[in-house]
Novice: 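To start, I am sharing the structure in question, which I have written as structure tokens.
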Amino acid sequence: MRCRLAQRFSRIRRQAEAGMTTAEYAVGTLAACAFAAVLLAVVRSGGVKAALASVITAALGVAG
């Protein structure tokens with residue numbers, strides 16, 4: 001009886017940990033999407049857009 005109870009507890013514990021891993025991936029994915037949205041907003045701002053354009057223009061001017 002005691003051995004059966006220990007096996008059942010062990011199985012329930014493993015299943016609970018498997019769900020936690022999925023939740024951790026979901027939180028990580030959500031954080032990555034939020035970071036991408038912030039990065040996109042920064043890159044689309046006027047100052048950064050002008051700086052990127054000047055870097056690309058300078059690079060093409062040197063290469064061409």
Novice: Compare every heavy atom of R44 with every heavy atom of K49, then report the nearest pair and how far apart it is.
Specialist: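 So the two residues come closest at CE-O, 3.8 Å.
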Novice: Enumerate, atom names and distances included, each donor-acceptor pair closer than 3.5 Å involving a side-chain atom of residues 50-59, sequence neighbours excluded.
Specialist:
unit_1	atom_1	unit_2	atom_2	d
S54	OG	A51	O	2.8
T57	OG1	A53	O	2.7

Novice: Name all residues meeting the side-chain hydrogen bond (donor to acceptor under 3.5 Å, both in side chains) criterion together with T29; count only those two or more places apart in sequence or in a different chain, and write none if there are none.
Specialist: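 side-chain hydrogen bond (donor to acceptor under 3.5 Å, both in side chains) list for T29, sorted by chain: empty.
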Novice: What's the spacing between L5 CG and S10 OG if we round to 0.5 Å?
Specialist: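 Output value for this atom pair is 11.0 Å.
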